[in-house]
Amino acid sequence: LEDFADEKLQFDESHLDNNDVIGDAYMFLIEHFASDAGKKAGEFFTPKEVSTLLAKLTKSAPGSRICDPTCGSGSLLIKAGREVGSDNFSLYGQELNGSTWALAMMNMLLHGFDSAVIRWGDTLRNPKLKDGDALMKAVEEVKPDIIVPEIEAIRTERLYDCEKQGIQVVPSAKAVNFTMNRKAIRELAHTELGLKTANYKYASTYEELLEATKTIGFPCIIKPLMSSSGHGQSKVDTPEELPQAWECACGGARGDLREVIVEQFIPFDFEITLLTVTQKNGPTLFCQPIGHVQKGGDYRESFQPAPVSERQLIEAQEMARKITSALSGSGIWGVEFFLSDKEGVFFSELSPRPHDTGMVTLAGTQNLSEFELHCRAVLGLPIPEISQEKNGASAVILSEIESEQPDYEGMEEVCSADKTYLRIFGKPVAHVGRRMGVVVCYDKVGTSLDALRDKCKSLASKRFFSVVFFV
C-alpha cells in the first residue's frame, strides 16, 4: 500500500491505456501461477489467447445472459463480457473446485463485475444456476429414475418436461413449482380450495407495498414470493419500518422475481407443523402434530406431540389432505398452521419435503422418522401405520461468528446427557445466526414437554459447540 501511495504513480484514467489496471494485474498473476502449475492449470485458467478468440467468435449482443458452467477462474467470462461493447449484460458461472471458485469471485470483483453470479458446486450433479438448459443437461447426463429437488433454486418449470419423459419428480412437478412461489400456493389454498388463511395482498413495487399495507393494516408480515428458511421475512409494526422491510424482502428473494406478499398478522396461540404422507398405493397418513417456535421466519425449536384439541387437529388434517391432493404426488409434506382458540385454524405454508421442524422425529418419537417415511412413500413401499413412541424436543445450534473453516469442539458435554442426540449438519461455511446442527431429546410418552424443551434448549445454547478460524 505504501508503494502504491507514491505520488509519482499516476493511476487516473488519463494516464492509462486501460483503466482496469488492478483487474489486469490480478489476471497476470493468475496466468503466471497457471504457467507454474503445469498440466493442472487447465482446471482453473484458459490461456488469454484462447479466451480472447472464443469471446470474439461468440460475440454476445447487448442484453445477453452469458454463462460458463465450468468457469474456472472466470477469465473467459470476463473476456466475453468485454466483447459486448456495453454494460447491458449478465455473467453466470459455476465451478466445482472451491479454491478456483474463490479465484473467480475475486476476479469478478477486481474487474468491476460485482453482479456476476458465480456458484460453487458440481454443475452436472448439482446445478446451481437458474437455467433450464443447465438443468436438462444434467438430467441427460445422469439419466435419473427419480428427481428429488432439495431446493427450488432451479428452473422448476423444466421438471414438467422430466415427468413427460417418464422420470418421477418428488413429490410432483406441480408441487415443486407451486410451493416455490407463495403467490401460486396461496391462490391455490385460499381461492381454489377455500382454505382459511390470513388476509393478504401482493406488491411488486414499493408504491404498491404502501397501498397494500393500507388494506392489510399493522402489524403485518412481509415476505418475498420466493424464498426459504425465513430469508427476507419481516414483521412490520409501523409505516416507518416499511423501507427496511422492502429492502429485506427483495434482498432475501430467490430467483429473478421481485414481488412480495403482505400478510395480516395473526395473533395465534401457537404454530404447528402437520407432517403429511401421501402414498402411491395407500391412504394419506398424518404424524402427530409438531409444535414449533420461529424467529424471523426461521425454525428455532420443535416438540412432539403438540397439545392440539381434537377439533383443531381434524380441521388441520382436512386442510392438509385437500392441498396435498391438489398438488399430487407421493412423499412427505410439512404443512404449517397457525392455531388460535379464538380465531380457529389458519393455513400458513407448505413444504414438499421433510421439514426442518420434523427433525424432532430423529429422537425416535415415531416408529418411522420423517426421512424414513419420505423414503418409503417415494419408493412406493407400504407404510402400515405411524405411531407415537416417545415425547421429543429439538433445538437448533446457531453459529455465533463467521468462518470459512468451521470446527466443532466440546461436543462431549451434550453427548454425555441422557436421552439426547447431537446432529451436526456439516455445512462448509459458518455465518452468524446460521443453523449448524440440532440437539434432540426424548423421554417416554406422557413426560412433560416443557421440561424436555428446556433441557434441549439449554444443551443447544451451551458453548460446547464453537466455530473457530484455522490460520
- Examine distances only and state if a side-chain atom of Lys79 and a backbone atom of Leu76 form a donor-acceptor pair shorter than 3.5 Å. no
- Just wondering, are more than 12 heavy atoms of other shown residues or ligands nearer than 6.0 Å to NZ in Lys201? no
- Query: What are the two closest heavy atoms between Cys441 and Thr420, and how far apart are they?
  - Reply: SG-OG1, 3.5 Å
- Task: Flag this pair as yes if the NZ/CZ of Lys164 is under 6.0 angstrom from the six-membered ring centre of Tyr160 and inside a 45 degree cone about the axis; otherwise no.
- Result: no
- Query: Okay, side chain of His374, backbone of Ile332: is any donor-acceptor separation there less than 3.5 Å?
  - Reply: yes
- Could you pull out the closest heavy-atom pair between Phe178 and Leu188, with the gap in Å? CD2-CD2, 4.0 Å
- Can a donor-acceptor pair be found between the side chains of Tyr200 and Glu187 at a distance below 3.5 Å? yes
- Message: Can you tell me if Lys137 has over 12 outside heavy atoms packed within less than 6.0 Å of its NZ?
- Response: no
- Task: Quick one: list whatever passes side-chain contact (heavy atoms from CB on, under 4.5 Å) with Thr278, sequence neighbours left out.
- Result: Thr284, Thr324, Trp333
- Message: Distance check, rounded to the nearest 0.5 Å: Ile185 atom CD1 versus Thr179 atom OG1?
- Response: 6.0 Å
- Distance-only polar pair, side chains of Glu336 and Gln294, donor-acceptor under 3.5 Å: yes
- Classify the side-chain pair Ser394/Tyr299 by whether it contains a donor and acceptor separated by less than 3.5 Å. yes
- Can you name the nearest heavy-atom pair linking Ile222 to Ala249, along with the distance? CG2-CB, 4.2 Å
- Message: Rounded to the nearest 0.5 Å, what separates atom CD in Glu372 from atom OG in Ser369?
- Response: 4.0 Å
- Query: Do the two ring centres, one from Phe113 and one from Phe89, sit under 6.0 Å apart?
  - Reply: yes
- Message: Rounded to the nearest 0.5 Å, what separates atom OH in Tyr206 from atom CD in Glu247?
- Response: 9.5 Å
- Message: On a heavy-atom basis, which atom in Leu77 and which in Cys71 lie closest, and how many Å separate them?
- Response: CD1-CB, 4.0 Å
- Under 3.5 Å side-chain donor-acceptor pair for Glu412 and Ser416: no
- Item | Test: Lys183 cationic atom under 6.0 Å from Tyr202 six-membered ring centre, within 45° of axis | yes
If you look only at distance, which donor and acceptor atoms sit under 3.5 Å apart when one is on a side chain in residues 422-433 and the other is two or more places apart or in another chain?
unit_1	atom_1	unit_2	atom_2	d
Lys427	NZ	Arg435	O	2.7
His431	ND1	Glu402	OE1	2.8

- Checking side chain to side chain contact (heavy atoms under 4.5 Å, CB included) for the pair Thr365/Val440: CA distance, chi angles, key distance, verdict? CA-CA 10 Å; Thr365 56; Val440 291; over 6 Å; no
- Item | Gln165 atom CD, over 12 foreign heavy atoms within 6.0 Å | yes
- Could you label the plane-to-plane angle of the His292 and His355 rings as parallel, tilted or perpendicular, counting under 30° as parallel and over 60° as perpendicular? tilted
- Message: Under a 3.5 Å distance rule, please check whether Glu95 uses its side chain to pair with a backbone N or O of Gly72 as donor and acceptor.
- Response: yes
- Using a strict 4.0 Å threshold on nitrogen-to-oxygen distance, state whether Arg182 and Glu263 make a salt bridge. no
- Message: Please find the pair of heavy atoms, one from Leu159 and one from Pro149, that lie closest to each other, and give the distance.
- Response: CD1-CG, 4.0 Å
